[in-house]
Every structure is written in C-alpha cells, then in structure tokens.
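Quick notes on the structure that follows.
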Amino acid sequence: MSTVPPAGPDYDVIVVGAGYSGLYLLHQLRSRGRSVRVLEAADGVGGTWYWNRYPGARCDIESVEYAFSFSEELDKEWRWNERYSAQPDILAYLNTVADKFDLRRDIQVNTTVSSAGYDEAAHRWRLVTQDGERLSAQFCVMATGCLSKPKTPDIAGLDSFAGPTYYTSSWPHEGVDFTGQRVGVIGTGSSGVQAIPLIAEQAAHLHVFQRTANYIVPAHNHQLTDEDQTQEELAARRSNALDCPLGVAFEAGELNQLPAMELTAEQREAEFERLWRRGGLIMMLAFPDLLLEGEANEAAAAFLRKKIKEKVPDPAVAEILIPKGFPVGSKRLCVDTNYYETFNRDNVTLVDLTATPIDRVTPAGVRTSPVETELDALVMATGFDAMTGALAAIDIRGRGGVALSQAWAEGPRTYLGLSVAGFPNLFTVTGPGSPSVLSNMRLSIEQHVRWISDCIEYLAEHRIASIEATAAAQESWVAHAAEVAAPTVYPRGASWYTGANVPGKARVFMPYIGGVPAYREACEKEADEGYRGFALTPA
Ligand code: NA7
C-alpha cells in the first residue's frame, strides 16, 4: 500500500507555519515568482507570539534586533515601545508585516497538517490536513517553530481539578482576571518567571510550585525613543550581530575577551556586575570560557547566587530560589522583571517540589506530600516538546515511506539543521543542528529563509527536480555539532535543549553551539560550492 496520499492543488512550495519564518518565507519566495501556500493551525499569523499570551509574555531579545531586516520601509513605519517587547506588540508587528506585504491571501489559517509524504516518482510532497484537504508541492518547508508544541505535563489527576487550568502556551485571548483568587503556578522556566510577578499582583494568594530553580538575569526593560531605533542604529546593530556567536549586537570592545581566571576576583566581579546592570542574556558572554564547565562557570553561579540573597531577605526562601546541580547556561537563562522581589510579598508562597513533590492534582488544588493547597485556578507553565515536537506531530514520510519519527528515533539528525537525508525537497527552518534557540531567532530565521529561497532558485535554474542531504554530509555535520558541544555546559543540563524535559524523548543536545558566524560560513560554503553535501536529481 502506498504511504503517499493522492494529490490536490499543486504549488511550488508549501510552507507549514505562519510565524516569523513562514511570513518571511512567503514574502521572499513569492517575490521570486514561486507559487506558495502557507498552512497555519491557528486562526491568525504570529506563531509563538500568537499562542503565548500569558501575562508578562515578552521577548528576551531586544526589540530592535528582533525586527525583520529585509525592508527599510517597514523599519521606518514601525516603532517599538520597549527595549524588550511584550507579546501584544510583537503580534501587532507580525500582523503589520502580513498586511504590508499582502501576505494573507496565500495563508490558509485554521489548517493543521496531519501528514506529509514524499512522492518519489513525481518529486513532490503530498500533504493532508486534519480536515482531509489534500495539497501538493515540489518543496515543503517546515516553519513549525522550536517552541510550539506544548509538552503534556506528567502530573497525576490534572484533569480532576475543579477550577480552570490555564496553559501559558495557549492562553485565553480575552485574558484572565485572577482578582481575589487563590492561584497555583506550576513551572518556573522563562514563561513562569515572566508570568509570576504579574499574577502575584492580581491574585489574593499565589502558590508557586518550583521543581527546578533557574539562573535568572534582569531585563532592565525600559521605554524606547525614536533615537534608539534610527535606521543607522538598526543597521549598526544588525551588522554587529552577524559577528556575535549568539547573533546579538554588541559594540567593539564591549565584551571582555580574557578567560575568567586571568582576572582578579575583584575584576571578575566588576565584569559580572557591569553585564548585570546592562541586563539580558549577554551575561552568558561575560567570559569566553563561561560556557565551558569549570571555574568561570562556577564564578558566574556564585555571582548569581549572591544576587538572589541580596534580593530575597528571607534566607530560607532565598535558599530555595538558588539553582542547584547544573551549570549556568545549561538550562536557558531566564530574563526577569521583579521575579525575585515577588517572593518578598505576603501573598506569595514558594513551594519547593524537591522537598515536597507533587503527589497529584485534586479537585480542590495541588497535593504535595504532605499537604493539600486549595486553589481557585491553576496555571501550567510547564514548557514544550522543543525543537522536534512540532515536526513529530505531523506524520512526515520521506523516501520509501520512512517516517521522520523513525529516522529520528535516537534523536534528530540533520544536515545544517536545514535538511534530512532520506527526505528530499524538505527543508526545516531553524531545525535541530542549527544555532536556532541559541541565537537571535529572527536573525537565524532570516538566514535560513534566504538560504532556502536561494537554493530553490538554483534548483529551478539548473532544472533540478530534487535535492536531498547525503547521508555522509549529514553524519559529518552531526559529528561536528556533537564535537563542538562536548566541552560546553550545554549537554549537561536536564533541559529542553537535550529533550530531557519530555519523558521518553531521546536525549541529544539539539541546537548547534558553534556560533552564528561559523554556522553561516558553513551554509554559504555549501551553496557557493554547488550543494556538494546534497544529492541533486535532474528533472
Ligand atoms: P521551560 O523552560 O521548559 O520551563 C518549564 C517549567 O515547568 C520548568 O520549571 C519545569 O521544571 C516545570 N515543569 C515541567 N513539568 C513539571 C512537572 N511535571 N512538575 C513540576 N514542574 C514541572 O518552559 P518555558 O515555557 O518556561 O520556556 C520555554 C522557552 O520559551 C524559554 O526557554 C524561552 O526560550 C521561551 P524542571 O526544570 O523540568 O524541573
């Protein structure tokens, strides 16, 4: 029996997802004359920024660096309000992009793709939606996002709770009023850290159920002026970001280049303090050896512990908030506004799940051994099946009907995070094996979109019917990615970077840590040399 569903309307390219990636792909491919259909599960554009509407949802990359770089006209028309944009502003920006470039006419919303199979004879992808609609295209681009498939929390009795349960990853559009309520929040990653201070301001009492304390740096968010976002400023930042491993802008000389232990303890402290005051994820670049296991990382941990104790006077509460058992950075650093201060409030209780684990959720609330906390509402900030979850949710089948889930049973394997051996004409935007979540996503998305559209153009010009990563190129990239990750702290943490947050998921460090500049060079080399890591089949 064939695993390839029959054809329907046919396009050059089908893009799955209408977030940052899908919108830019559509604009780019269409302007190069391709017929494109974007399929989006939500009833609007925005991807991550469509779904994550919880109070405090905010980007941890600065707004001016999160803006698309492809249109000066767009730059001039749009003004960012804050250094780190809140979700409504980013969603409004993406809607503006969709309107300005007339993208909506090729975006089909309320459309969830259930399967995608490669028809080898026709060199085409055949897709079927949950509603049974069939579509096909020569190329299929998965713009499905890295943090878009919520993980199902493994907590007994969750469905039995009598009050409402809200997930940060699919927050009600009309918002939630917690006034006068006893609220429980489970989860203290980036989403919980952002939501907790705002929920605490509203709720009668907030109970925070913390399993793992994270390392947190302050955002020092502030309003932006027009001078902060002139064309010159945007251009300078975009150019600086290209040289930074994380794809974020810093000025020449702004970052210390010396290993931590070559400085005195006082100098190290001053350096940490300087970046703490600056705010944001740049703390991870305080020392070139900070993300390697050892003294530099331990010095950063000691600095961050000291900050917690300064902010939280109750030593017992501060102790619970201090991260333990994993190096700084191995779990994604959270960026906060008033998080620690929230635990100084009378209406907030921190529950240490390492001491009293959740036994089960009951109709009345959450039972941790040995007490039951009665609640009116429950908030789950429990994270995502990151990087591969959204792909695994689609039955993707390549040559010979082989399922992607089967090819990736022991963890994702890609060439450059863009392509998978055995899956011709399929591209993944910011897929595993690319810098993706370890970089400014906007920058990495743009780089992938340009690479993919250049590639599709090349194939058309050279009358190539299909392109597929060779097994050899893929194996060598996977080995290289593992080699550069090995000396770093990243594979050590039980993080979503490694799949450790999802029971049963293969444990593999998924993003590429070699840095944005080196990665871009590898992609450019591949294209410049005529896609030597790929097998090309003439039409
Ligand atoms: P994260 O960072 O994966 O955080 C999820 C949190 O939920 C984390 O504190 C987890 O604790 C906790 N969690 C998950 N399952 C449970 C159960 N069963 N019991 C108790 N606690 C649980 O997701 P976020 O949405 O906050 O952030 C994801 C990314 O989005 C973020 O890094 C930014 O890049 C944007 P654990 O650590 O597993 O002990």
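Numbers for residues simply follow the sequence, beginning at 1. Side chains are part of it too, since the values below use all heavy atoms of this structure and drop only hydrogens, waters and symmetry mates. Read the numbers this way: they start at 1 and go in the same order the structure lists the ligands and their atoms.
Residues Phe272 and Phe287 bring their aromatic ring centres within 6.0 Å. Aromatic ring centres of Tyr20 and Phe68: separated by under 6.0 Å. Residues Trp496 and Phe384 place their aromatic rings such that the two centres sit no closer than 6.0 Å. Taking the six-membered ring for Trp and the full ring otherwise, His480 and Trp477 have centroids separated by under 6.0 Å. Here Tyr50 and His173 bring their ring centres to under 6.0 angstrom of each other. In this structure, the ring of His222 has its center no less than 6.0 angstrom from the ring center of His220.
Of all the atoms in ligand 1, the ones that sit under 4.0 Å from a non-hydrogen atom of Ile155 are 17 (C), 18 (N), 19 (N). Below 4.0 Å from some heavy atom of Lys331 lie the following atoms of ligand 1, by number and element: 36 (P), 37 (O). The distance from ligand 1 to the heavy atoms of Ile186 drops below 4.0 Å at these ligand atoms: 20 (C), 21 (N). Below 4.0 Å from some heavy atom of Gly187 lie the following atoms of ligand 1, by number and element: 6 (C), 7 (O), 9 (O), 12 (C).
Nearest protein neighbour of atom 32 (O) of ligand 1, counting heavy atoms only, is Arg332 CD, 2.9 Å. For atom 36 (P) of ligand 1, the nearest non-hydrogen atom of the protein is Thr212 OG1, 3.4 Å. If you check which protein heavy atom lies closest to atom 26 (O) of ligand 1, you get Ser191 N, 2.8 Å. For atom 23 (O) of ligand 1, the nearest non-hydrogen atom of the protein is Gly383 CA, 3.2 Å. Nearest protein heavy-atom contact of atom 35 (C) of ligand 1 is Leu147 CD1, 4.0 Å. Taking atom 3 (O) of ligand 1 as the reference point, the nearest protein heavy-atom neighbour is Trp496 CD1, 3.4 Å. For atom 11 (O) of ligand 1, the closest non-hydrogen atom on the protein side is Arg211 NE, 3.8 Å. When only non-hydrogen protein atoms are considered, atom 31 (C) of ligand 1 lies nearest to Ser190 OG, 3.3 Å.
Any N or O atom pair closer than 3.5 Å counts here, and Asp154 shares at least one such pair with ligand 1. On a distance-only criterion, Thr188 and ligand 1 share at least one N/O pair closer than 3.5 Å.
Nearest residue to atom 7 (O) of ligand 1 from Ala213, Ala381, Pro357 is Ala381 (criterion: closest heavy atom).
Ion pairing between Lys307 and Glu273 holds under the 4.0 Å rule for side-chain N and carboxylate O. Under a 4.0 Å N-O distance rule, the pair Asp385/Lys149 does not qualify as a salt bridge. Using a cutoff of 4.0 Å between basic side-chain nitrogens and carboxylate oxygens, Lys324 and Glu319 are scored as salt-bridged.
The minimum heavy-atom distance linking Ala18 with Ile107 is given by the pair CB-CG2, 4.1 Å. Closest non-hydrogen pair, Leu391 versus Thr144, comes out as CD2-OG1, 3.6 Å. Between Ile282 and Gly279, the closest heavy-atom pair is CG2-O, 4.0 Å.
Within the 4.0 Å heavy-atom shell around ligand 1 one finds Lys151. Put simply, no part of Gln210 is less than 4.0 Å from ligand 1, judged by heavy atoms. Not a single heavy atom of Pro153 lies less than 4.0 angstrom from ligand 1.
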For a side-chain hydrogen bond (donor to acceptor under 3.5 Å, both in side chains) check, start with the C-alpha distance between Tyr54 and Gln194, then their side-chain angles and the critical distance, and finish with the verdict.
CA-CA 9 Å; Tyr54 59 85; Gln194 290 183 335; 2.6 Å; yes
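With a 4.0 Å cut-off on non-hydrogen atoms, Leu353 touches ligand 1 through its side chain and not its backbone. Counting heavy atoms under 4.0 Å from ligand 1, residue Thr168 does not touch it at all. When heavy-atom distances to ligand 1 are checked against a 4.0 Å cut-off, Thr382 comes that close through both its backbone and its side chain.
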